[in-house]
Amino acid sequence: CTDALACNFDPAAAVDNGSCTYAADNQDCNGNPLPPEGYWIQAEPVAEHAGIIGDTDLSGHTTYNLMLHTPSPEVFVSAMGGDVDNPFELNSTASPAWFNDAAFGENLGSEINPALFSFLPQVQFDSWFTIGASSESDGYSLSTAIGDINPFSAFNANENILVDDSIGFAIFTTYPGGVDFTNPAFAGDDHAVLLGQITTAGTLSGFIYLQLFPDGTQSSDIRHRFPILNSNPNGEPGCTDFVACNYDASASDEDGSCS
C-alpha cells in the first residue's frame, strides 16, 4: 500500500497492490472514535530532575503536566474518569511508575498546599490529578465518586492504573452557572485545562474520559475518551520559538528545527 493516508501504508512499497485499508468515518485506524476537533491531551514536560530534592532522589525523573488543549476559552471541564465502556488508563514504562510523596502529597491538585514547598520542596513535584487547580483555592473544590476499582489504590502504590468496572470513577467539579474565567475548570486565554501532574522516570501513556461543556453551557455537553499524547496530532511542525531566526508563526508543533 503506497497511500500515506491508509491505515496500512508501507513506506518501503514502490508499487501499490490494491491492499490499502482506511479508517471508517469518524474513527481512527483502531476503530476508536475520533476526538472532537481541536481537543487533545498532552503529557507536557515542565521540569527535568537531576539529583535530590528535599528528601527524595528524583534523578532521571521528569515532571509532566497532563494538559487538555481546547479550541476556545469557554470550554469547561465538568468531570474526568472512566468505566467499563470508556476505561481510564494511566501507564508509565518506569517501575515504580511515578513519584508520590506518601507523607505530604495529595491525590488532587486542589488540595496541594504551596506553603509546604519551602521546607518540603519535593512536594512541589508530587503526582496528582485535578481539573484546573494546581493548589488550594478559596471557593473551588473537587469531588470524587469511586466504584469497584479505586484508582488511588494503584496510584499511591506507584503502579499503573486501569479502571474498567461497570460503576467506574470520576473526579468532578460544580458548574458555576455560566462562563467565569476565574474558575480554573474553564480553558481561558491559553485554551487549556490542567488535568494532572505526574513525575516519572518513564514514558507516559493512557486514556482519560472527559465530560466537557464546549461553549461554557451545560446544554453543550460532550463526552469523549482521549488518549494521552506527546504532541498535537493536528499540529503544523516547525520552529515555535519567536526569538529564533527561523520562527514559523504558523507552526503549532515544535520540531526541534529552531536556529
Side-chain angles (χ1 to χ4, degrees), residues 40-69 77 80-81 88-138 140-142 144 150-163 169 171 173 184-185 188 190 192-208 226-232 240-241 243 253-254 256 258:
W40 61 288
I41 295 176
Q42 178 185 16
E44 176 185 8
V46 293
E48 295 182 358
H49 306 289
I52 295 175
I53 300 176
D55 62 2
T56 303
D57 187 358
L58 292 180
S59 299
H61 286 64
T62 298
T63 298
Y64 295 89
N65 281 349
L66 299 181
M67 191 69 73
L68 173 70
H69 296 277
V77 178
M80 60 180 286
F88 176 94
E89 299 180 44
L90 184 66
N91 303 299
S92 171
T93 56
S95 181
W98 32 71
F99 163 63
N100 269 308
D101 190 299
F104 299 100
E106 300 287 353
N107 289 330
L108 302 177
S110 59
E111 298 174 352
I112 293 290
N113 182 359
L116 296 176
F117 297 169
S118 60
F119 57 94
L120 295 168
Q122 76 277 6
V123 176
Q124 185 174 355
F125 305 107
D126 185 42
S127 298
W128 37 259
F129 300 110
T130 191
I131 299 177
S134 58
S135 64
E136 295 176 337
S137 176
D138 289 343
Y140 184 79
S141 63
L142 296 172
T144 60
N150 186 339
F152 298 113
S153 297
F155 188 56
N156 290 315
N158 303 317
E159 299 173 351
N160 291 337
I161 303 170
L162 173 63
V163 179
F169 99 101
I171 300 169
T173 187
D190 60 354
V193 179
L194 182 64
L195 301 178
Q197 174 177 283
I198 306 295
T199 296
T200 179
T203 300
L204 292 175
S205 62
F207 292 86
I208 302 176
F226 292 88
I228 297 172
L229 306 173
N230 294 315
S231 59
N232 188 344
T240 60
D241 187 345
V243 301
D253 192 6
E254 172 61 49
C258 294

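Heavy atoms only: backbone and side chains are in, while hydrogens, waters and symmetry mates are out.
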Compare every heavy atom of [Y] with every heavy atom of [X], then report the nearest pair and how far apart it is.
X	Y	value
Gly51	Ser59	N-OG, 3.0 Å
Pro184	Val193	O-CG1, 3.9 Å
Thr62	Pro45	CG2-CB, 3.9 Å
Val163	Pro151	CG2-CB, 3.7 Å
Met80	Thr130	SD-O, 3.2 Å
Ala94	Gly202	CB-N, 3.4 Å

Checking [X] now: which residues fulfil side-chain contact (heavy atoms from CB on, under 4.5 Å) with it, not counting sequence neighbours?
X	value
Ala97	Ser92, Asn160
Asn230	Ala43
Ala154	Glu159, Ile161
Gln42	Trp40, Glu44, His69

Among residues at least two apart in sequence or on other chains, which ones pass side chain to side chain donor-acceptor pair (under 3.5 Å) with Glu106? none

For Thr144, enumerate each residue passing the side chain to side chain donor-acceptor pair (under 3.5 Å) test, keeping only those at least two apart in sequence or located in another chain. none

Kindly write out the residues that satisfy ring pair (Phe, Tyr, Trp, His ring centres under 6.0 Å) with [X], not counting sequence neighbours, or none if the list is empty.
X	result
His61	none
Phe99	none
Phe207	none
Trp128	none

Under the salt bridge (Lys or Arg N to Asp or Glu O under 4.0 Å) rule, collect the residues that match up with Glu89, sequence neighbours excluded. Arg225

Does some side-chain heavy atom of [Y] sit less than 4.5 Å from a side-chain heavy atom of [X]?
X	Y	value
Ile131	Tyr140	yes
Asn91	Leu204	no
Ser205	Ile228	no
Phe88	Ile208	yes

Out of curiosity, [X] [atom1] to [Y] [atom2], how far, rounded to the nearest 0.5 Å?
X	Y	atom1	atom2	result
Leu229	Met67	CG	CE	14.5 Å
Asp126	Asn100	CG	CG	5.0 Å
Leu66	Leu194	CG	CG	7.5 Å
Tyr64	Trp98	OH	CH2	13.0 Å
Phe129	Ile171	CZ	CD1	6.5 Å

Please output the side-chain donor-acceptor pairs of residues 107-116 that fall under 3.5 Å, not counting sequence neighbours, one pair per line with the distance.
{"unit_1": "Asn107", "atom_1": "OD1", "unit_2": "Asn156", "atom_2": "ND2", "d": "3.1"}
{"unit_1": "Asn113", "atom_1": "OD1", "unit_2": "Ala115", "atom_2": "N", "d": "3.0"}

Gln122: which of Asp57, Asp101, Thr199, Thr56 passes side chain to side chain donor-acceptor pair (under 3.5 Å): Asp101

